[in-house]
Amino acid sequence: MDPATRYLTELEAAQRQLLVFARELNLLYQAERARGHELEEALRRLEDSYLDMVKTLAFVVEAKDPTTRAHLDRTHDYATALAAVVDSELADDACLRYGFLLHDVGKVGVPEAILNKPGPLTEDEWLIMRMHPEMGVQMVAGIKSLGPAVEVIRSHHERWDGRGYPAGLAGDRIPLSARIFAVCDAFDAMTSDRPYRTALPFERAVEQIQAGGGTQFDPDMADAFLSIAGLEALHASLHTRDSGSRVRERILTR
């Protein structure tokens with residue numbers, strides 16, 4: 001076979017090999033594309049299941065503590081508004097908002113006699129009550145996708161001066177998400193009726209937040225909370241709306 005013919009034969013063989021390779025590559029691409037769609041669908045189903053789980057946990061907390069239903073919803077709205085002031089990306093973090101809703105999930109493990117006691121708690125009762133952040137963390141420990149929400153559950157009762165619980169963290173050692181939520185949680189507690197006391201007026205609660213900056217609260221978070229545009233109107237709306245279904249609606253629309 002002369003060199004020219006051999007060259008053409010080898011070229012044709014190479015072309016055939018390239019065509020086979022192209023077909024195989026196309027089949028591989030189509031298979032991976034189909035697998036990608038299957039993965040997307042699996043992730044969507046997983047997210048739906050996760051939202052159902054979050055919803056169920058929130059409902060369990062509501063059933064356990066009759067004061068919690070409206071509290072969960074109000075603190076969620078306060079904390080989302082404060083997060084928007086501190087860092088707009090935080091307010092858009094769905095996982096963080098789950099933490100706002102689930103912050104008291106550990107109260108499922110606290111006896112109802114303590115949760116609903118009409119008078120002050122004894123020291124022994126306070127010891128049990130103070131266990132609810134860690135119990136909450138244990139309850140959600142297997143849900144890796146909660147991310148920063150876990151720190152809200154764990155640390156929302158820590159104080160800027162280190163006298164909080166459960167770990168006695170102080171200052172910047174307290175996660176930012178928990179420092180944000182601590183102000184909102186305290187404000188709503190102050191302005192809501194509890195079995196052992198009546199609500200403080202809005203103005204008095206504002207004074208308490210101001211006074212607590214640098215001791216109970218991160219002073220920057222306290223100032224940011226009081227700078228929320230329309231805070232008094234937000235407070236009024238949260239205390240006048242029907243809160244019975246708002247937690248359900250909020251979770252279902254996330």
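- Salt-bridge check for K117 with E125: passed, with a basic side-chain N closer than 4.0 Å to an acidic carboxylate O.
- Taking each heavy atom of I174 and A178 in turn, the nearest pair found is CG2-CB, 4.0 Å.
- By the 4.5 Å heavy-atom criterion applied to side chains, I180 and L96 are not counted as neighbours.
- Enclosure of atom CE in M139 by more than 12 non-hydrogen atoms of other residues, nucleotides or ligands within 6.0 angstrom is indicated.
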Decide side-chain contact (heavy atoms from CB on, under 4.5 Å) for K107 and M129; before the verdict, give the C-alpha distance in whole Å, the side-chain angles of both, and the deciding distance to 0.1 Å. CA-CA 8 Å; K107 286 185 176 179; M129 179 65 84; 4.2 Å; yes
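- Checking side-chain atoms of S237 against main-chain N and O of L234 turns up a donor-acceptor pair under 3.5 Å.
- In this structure, CZ in F202 is found 4.5 Å from CD in E232, a value given to the nearest 0.5 Å.
- Residues H132 and H103 keep their aromatic ring centres 6.0 Å or farther apart.
- Across I209, T75, D188, L226, a single residue satisfies side chain to side chain contact (heavy atoms under 4.5 Å, CB included) together with V183, and that is I209.
- Atom CG in L72 sits 8.0 Å away from atom CG in L102 (nearest 0.5 Å).
- Across all their heavy atoms, S177 and P148 have their closest contact at OG-O, 3.8 Å.
- In this structure, F100 and H76 have perpendicular ring planes: the angle between them is above 60°, well past the 30° mark.
- Scanning all heavy atoms of the two residues, the minimum distance from L146 to C95 falls at O-CB, 3.5 Å.
- Residues L231 and M190 share a hydrophobic cluster, clusters being chains of Ile/Leu/Val/Met/Phe/Trp/Tyr side chains in contact below 4.5 Å.
- In this structure, the side chains of V85 and F225 stay at 4.5 Å or more apart for every pair of heavy atoms.
- Summarising the geometry, atom SG belonging to C184 is positioned 13.5 Å from atom CZ belonging to R179; distances are rounded to the nearest 0.5 Å.
- Using a 4.0 Å cut-off between charged nitrogen and carboxylate oxygen, R74 and D77 do not count as a salt-bridge pair.
- You'll find the side chain of E41 stays beyond 4.5 Å of the side chain of E38, heavy atoms only.
- Looking only at side-chain heavy atoms (C-beta outward), Q216 and R163 stay at 4.5 Å or farther from each other.
- Side-chain N or O atoms of E151 include none that pairs as donor or acceptor with a backbone N or O of P175 at under 3.5 Å.
- Judged purely by atom type and a 3.5 angstrom limit, T215 uses its side chain to pair as donor or acceptor with the backbone of G212.
- In terms of hydrophobic clustering, with Ile, Leu, Val, Met, Phe, Trp and Tyr side chains grouped at heavy-atom distances under 4.5 Å, M135 and L127 are assigned to different clusters.
- Tracing side-chain contacts under 4.5 Å through hydrophobic residues (I, L, V, M, F, W, Y), one never reaches L169 starting from F217; they form parts of separate clusters.
- With L121 as the fixed residue, the side chain to side chain contact (heavy atoms under 4.5 Å, CB included) test singles out one of I114, I128, L115: I114.
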Decide side-chain contact (heavy atoms from CB on, under 4.5 Å) for W160 and D172; before the verdict, give the C-alpha distance in whole Å, the side-chain angles of both, and the deciding distance to 0.1 Å. CA-CA 8 Å; W160 185 253; D172 292 337; 3.4 Å; yes
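- The two atoms that bring D220 and D218 nearest to each other are N-OD1, 2.9 Å, heavy atoms only.
- Atom CD of E203 has more than 12 neighbouring heavy atoms from other residues, nucleotides or ligands inside a 6.0 Å radius.
- Classification of the H157-Y165 ring pair by plane angle, with boundaries at 30° and 60°, yields parallel.
- With a 4.5 Å cut-off on side-chain heavy atoms, H71 and D185 count as touching.
- Using a 4.5 Å cut-off on side-chain heavy atoms (C-beta onward), M221 and L176 make contact.
- The main-chain N or O of A236 is found under 3.5 Å from a side-chain atom of T240 such that the two form a donor-acceptor pair.
- Between R97 and T80, the shortest heavy-atom contact is CD-OG1, 3.9 Å.
- P133 is not listed as a side-chain neighbour of R154, based on a closest heavy-atom distance of 4.5 Å or more.
- Considering every non-hydrogen atom in both G136 and I153, the closest pair reads C-CG2, 3.7 Å.
- Within the 4.5 Å cutoff, no side-chain heavy atoms of V152 are placed close to those of Y98.
- Interatomic distance, CG of L200 versus CD of E207, reported as 9.5 Å (0.5 Å rounding).
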